[in-house]
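Down below is the structure, laid out as structure tokens.
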Amino acid sequence: MTVRRLAPHATTIFAEVSQLATRHDAINLGQGFPDSDGPASMIEAAAQAMRDGHNQYPPGTGVTDLRHAIADLELAHTGLSRDPDTEVLVTVGATEAIAGAVLGLVEHDDEVVVIEPYYDSYAATVAMAGATRRAARMVPTDGRYRLDAESLRAAFSPRTRAVLVNTPHNPTGAVLPREDLEQIAALCTEFDAIAISDEVYEHLTFDGVEHVSIATLPGMAGRTLRISSAGKMLNCTGWKVGWVTGPADLVAATRTAKQYMSFTGATPLQMGVAHALRNEQEWIGSLRHSLQARRDQLAEILTGVGFDVVVGQGTYFLTADPSPLGVTDAASWCLELPGRIGVAAVPFAPFTDRYSEEWSHLVRFAFCKRPEVLDEAGRRLQALKS
Ligand code: PMP
Ligand code: GLN
């Protein structure tokens, strides 16, 4: 029944794996969501907002105080000055910001460049817009994932309207260095394309590595939409409070599409997030530190079991290659894993255009769980050794 353009995207890998995890009571290192709450003051601010009667629609662009808090943070972190009324738009998670940007800005005969492996909603959203997806790719270089410049250039054409950029990167955990972003920026300028920059993990970088936004590169502020979300930085993925910032004309196009998808998000939750963005920066800093430790904990566990592991400098995720354990098809192996040993992980394959050997042997593990939960996963994973 589903329309042809969406048929290949019928079920997300996250839904599929989480369902298996629930069925088998497995530890879910597949879908990326934390197992502890965000700051107590954020939850209290949202609850208080409900008790205070803030239970009706917020303005279409989002709660005013939240848009101001986002603009203030943007200035502090990137030096970019945004008008909270015309250059900031609150969305129902980053997912809606991505969809709004693509649906509001891409014509059906346009092309959109994605960089594989890419977050699964990109391909589905480009399909919804009826546009054509052109994939560039990342390559493992000196123990980390970098942009492959040649494939990027090959993916751009005079029909390119936009490139979907994601750093810190899901699923590899890579934080794209400035030089890689400069290559993307140069092509955006050459082909007069916009960058839709998914930066939901912007505050979750490790080892002292700094996140660079492509919006801050010369010539890019006027052609970049910068997307972020409270979900990952404040442990509230279920609140679905995201946002997009950028020049007024690009934000207006995104808003046009967004208005007819959800109109607005949940007022009290936006108020809770506004409170946290203003008052809980230290909490976000300590989350960053604890995630770095948990990344190292999980990497050690997986290496001990026999996986080849590549860690990145950001996000919730690391890359594991189970080939040394005799696994050839990671996609089907991931679907068996919850039932077999009580641990869930997601394969790389659904993040790619080419279900080729380049990616099909890889698995993404999420380390955004409590240390004792990672330890228990480690105990269960030992079963793979025999
Ligand atoms: N982009 C990336 C790279 C993600 O990992 C996620 C999941 N947090 C999203 C977008 C969607 O974010 P949200 O849950 O705020 O819609
Ligand atoms: N962003 C989360 C991840 O990559 C999942 C979000 C979802 O389930 N769509 O795991």
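Atoms considered below: every heavy atom in the structure, side chains included; atoms not considered: hydrogens, waters and symmetry mates.
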message: When you compare the side chains of E74 and T245, does any donor N or O come within less than 3.5 Å of an acceptor on the partner?
response: yes
query: Does any N or O in the side chain of S213 come within less than 3.5 Å of the main-chain N or O of A215, such that one atom is a donor and the other an acceptor?
result: yes
task: May I ask you to check whether over 12 heavy atoms, not counting those of R146, lie within 6.0 Å of atom CZ?
output: yes
query: Do we see a donor-acceptor contact under 3.5 Å between the side chains of Q48 and R51?
result: yes
task: May I ask you to check whether over 12 heavy atoms, not counting those of Q19, lie within 6.0 Å of atom CD?
output: no
field: Spacing of Q382 atom CD and I341 atom CD1 [to the nearest 0.5 Å]
entry: 9.5 Å
query: Do any pairs count as a salt bridge (Lys or Arg N to Asp or Glu O under 4.0 Å) and have a residue in residues 12-38, sequence neighbours left out, and if so which ones?
result: D35-R370
- prompt: More than 12 non-hydrogen atoms from neighbouring residues, nucleotides or ligands closer than 6.0 Å to CD on E107, yes or no?
  reply: no
- request: May I ask you to check whether Y316 and Y201 place their ring centers less than 6.0 Å from one another?
  value: yes
statement: Closest heavy-atom pair, T254 versus L225, reported as atoms and distance to 0.1 Å, is OG1-CD1, 3.5 Å
query: M50, M271: one ILVMFWY side-chain cluster at the under-4.5 Å cut-off?
result: no
message: Closer than 4.0 angstrom, basic N to acidic O: yes or no for E190 and R153?
response: yes
query: Are L291 and V175 grouped together when hydrophobic residues (ILVMFWY) are joined by side-chain heavy atoms under 4.5 angstrom apart?
result: no
- prompt: Taking the inter-plane angle between the rings of Y118 and Y122 on a 0 to 90° scale, is it parallel (under 30°), tilted (30 to 60°) or perpendicular (over 60°)?
  reply: parallel
task: Kindly indicate, with the supporting measurements, whether the criterion side chain to side chain contact (heavy atoms under 4.5 Å, CB included) is fulfilled by I301 and D375.
output: CA-CA 8 Å; I301 290 170; D375 274 340; 4.3 Å; yes
task: Examine V373 and V305 and state if one hydrophobic cluster contains both, with Ile, Leu, Val, Met, Phe, Trp and Tyr joined whenever side-chain heavy atoms are less than 4.5 Å apart.
output: yes
message: I need the single residue from V209, V200, T205 that forms a side-chain contact (heavy atoms from CB on, under 4.5 Å) with P168. Which is it?
response: T205
query: Quick one: CD1 on I194 to OG1 on T224, what's the gap to the nearest 0.5 Å?
result: 8.5 Å
- request: Establish, from distance only, whether the side-chain atoms of E280 and S41 form a donor-acceptor pair under 3.5 Å.
  value: yes
task: Classify the angle between the aromatic ring planes of H203 and H77 as parallel (below 30°), tilted (30 to 60°) or perpendicular (above 60°).
output: tilted
task: Go through the steps for Q31 and V346 under the test side chain to side chain contact (heavy atoms under 4.5 Å, CB included), then give the verdict.
output: CA-CA 7 Å; Q31 192 178 29; V346 294; over 6 Å; no
- prompt: Where is the tightest heavy-atom contact between R295 and Q313, given as atom of each residue plus distance?
  reply: NH1-CA, 4.0 Å
field: Residue list, salt bridge (charged side-chain N to carboxylate O under 4.0 Å, His left out) with D321, at least two apart or on another chain
entry: none
message: Can you confirm whether or not the ring centre of F307 sits under 6.0 Å from the ring centre of F365?
response: yes
query: Is the ring centre of Y119 less than 6.0 Å from the ring centre of F351?
result: no
- request: From the options T61, L89, V273, select the one residue that forms a side-chain contact (heavy atoms from CB on, under 4.5 Å) with W243.
  value: V273
message: Check for me, please, whether V244 and L103 land in the same ILVMFWY cluster - side-chain distances under 4.5 Å, paths through other members count.
response: no
- prompt: What's the shortest heavy-atom distance between G222 and P247, and which atoms?
  reply: O-CG, 3.4 Å
query: Distance-only, no hydrogens or angles: does the S18 side chain make a donor-acceptor pair with backbone N or O of A15 under 3.5 Å?
result: no
- request: Provide the full list of ring pair (Phe, Tyr, Trp, His ring centres under 6.0 Å) pairs with a residue in residues 144-198, sequence neighbours left out, each pair given once.
  value: F156-F191
- request: Identify whether the distance between the nearest side-chain nitrogen and carboxylate oxygen of E96 and K258 falls below 4.0 Å.
  value: yes
- prompt: If you draw a 6.0 Å radius around CZ in R144, do more than 12 non-hydrogen atoms from other residues or ligands fall strictly inside?
  reply: no
query: F317 ring centre to R364 NZ or CZ under 6.0 Å, with the angle to the axis within 45°?
result: yes
task: Could you state whether L80 and V90 fall into the same hydrophobic cluster, counting links through intermediate Ile, Leu, Val, Met, Phe, Trp or Tyr residues with side-chain heavy atoms under 4.5 angstrom apart?
output: no
